[in-house]
Amino acid sequence: MKLLIASDVHGSYSAIKSLQKRMIEEDTKELVLLGDIYNHGPRNPFPDEYAPMKVAEALNKIERLTVIKGNCDSEVDEMISSFTFSESAYIIIDEKKIFLTHGHKYNENALPSGCDVLIYGHFHVGFIKEKDGLVIANPGSVSLPKQNSDPSYLILGDGYLQLKNLHTGELLSQKKL
């Protein structure tokens, strides 16, 4: 199974359209969103094509979707969504136990226990690295990247974790699992 993992959409309809295109090009079976789906957040500017209802309409049509609740997501957001927001999730892929979270509670400075891979968003900067035998990754933000990083996403599957540019699909980083 191959997953596309993204984070921090912040209501950007153009980011969702780009993710839909990447899902087709990458031939992924499921989209995983690591929080901050609709709201732009009080410290962030409005993203390109800010249209939370259009984002909801597009996401509600995706058959295989996992959504983790971020610090900008609220109960009101769940009312316009046909999917559930989870606090976090564990998945097993390629015999690796992967912990998915937004990142405001668990991240590389506050590690969860019992996983081989930690994937989180929240910080808007994509990376893949290893720390004390734990693979740690962040897909960055598809709408509001920070620190001069690219809008990016992760591909998980076929024994690899890959960080890619949202607009070009260019491989930015890769780790064999």
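One-based numbering along the sequence shown.
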Aromatic ring pairing Y106/F99, orientation class (parallel under 30°, perpendicular over 60°, tilted between): perpendicular
Inter-residue atom distance L33.CG - D73.CG, 0.5 Å rounding: 9.5 Å
V67 side chain reached by T84 side chain, heavy atoms, under 4.5 Å: no
Atom CD of E25 with >12 non-hydrogen neighbours under 6.0 angstrom: yes
Point-to-point distance, once rounded to the nearest 0.5 Å, from CG of L4 to NZ of K2: 9.5 Å
Beyond-backbone contact of I93 with I91, side-chain heavy atoms, under 4.5 angstrom: yes
Short side-chain donor-acceptor distance under 3.5 Å, H10 and D8: yes
Other residues, nucleotides, ligands: >12 heavy atoms within 6.0 Å of K105 NZ: no
More than 12 heavy atoms of other groups within 6.0 Å of K61 NZ: no
Gap separating the CG atom of L163 from the OH atom of Y153, nearest 0.5 angstrom: 9.0 Å
Separation between CG of L3 and CG of L161, rounded to the nearest 0.5 Å: 10.0 Å
Aromatic plane relationship, Y120 with F127 - under 30° parallel, 30 to 60° tilted, over 60° perpendicular: perpendicular
pair N39-S74: side-chain heavy atoms closer than 4.5 Å: no
Pairing of E57 and K54 as salt bridge, 4.0 angstrom limit: no
Heavy-atom pair with the smallest gap, counting every atom of Q20 and A58: NE2-CB, 3.8 Å
Neighbour count >12 (heavy atoms, 6.0 Å) for atom CG, D132: no
CD on E49 to CD1 on I16, rounded to 0.5 Å: 11.5 Å
Nearest heavy-atom neighbours spanning P151 and V142: CB-O, 3.7 Å
Rounded distance [0.5 Å steps], CD in E108 versus CZ in F123: 8.0 Å
Test item: N60 side-chain N/O and S82 main-chain N/O as donor-acceptor pair under 3.5 Å: yes
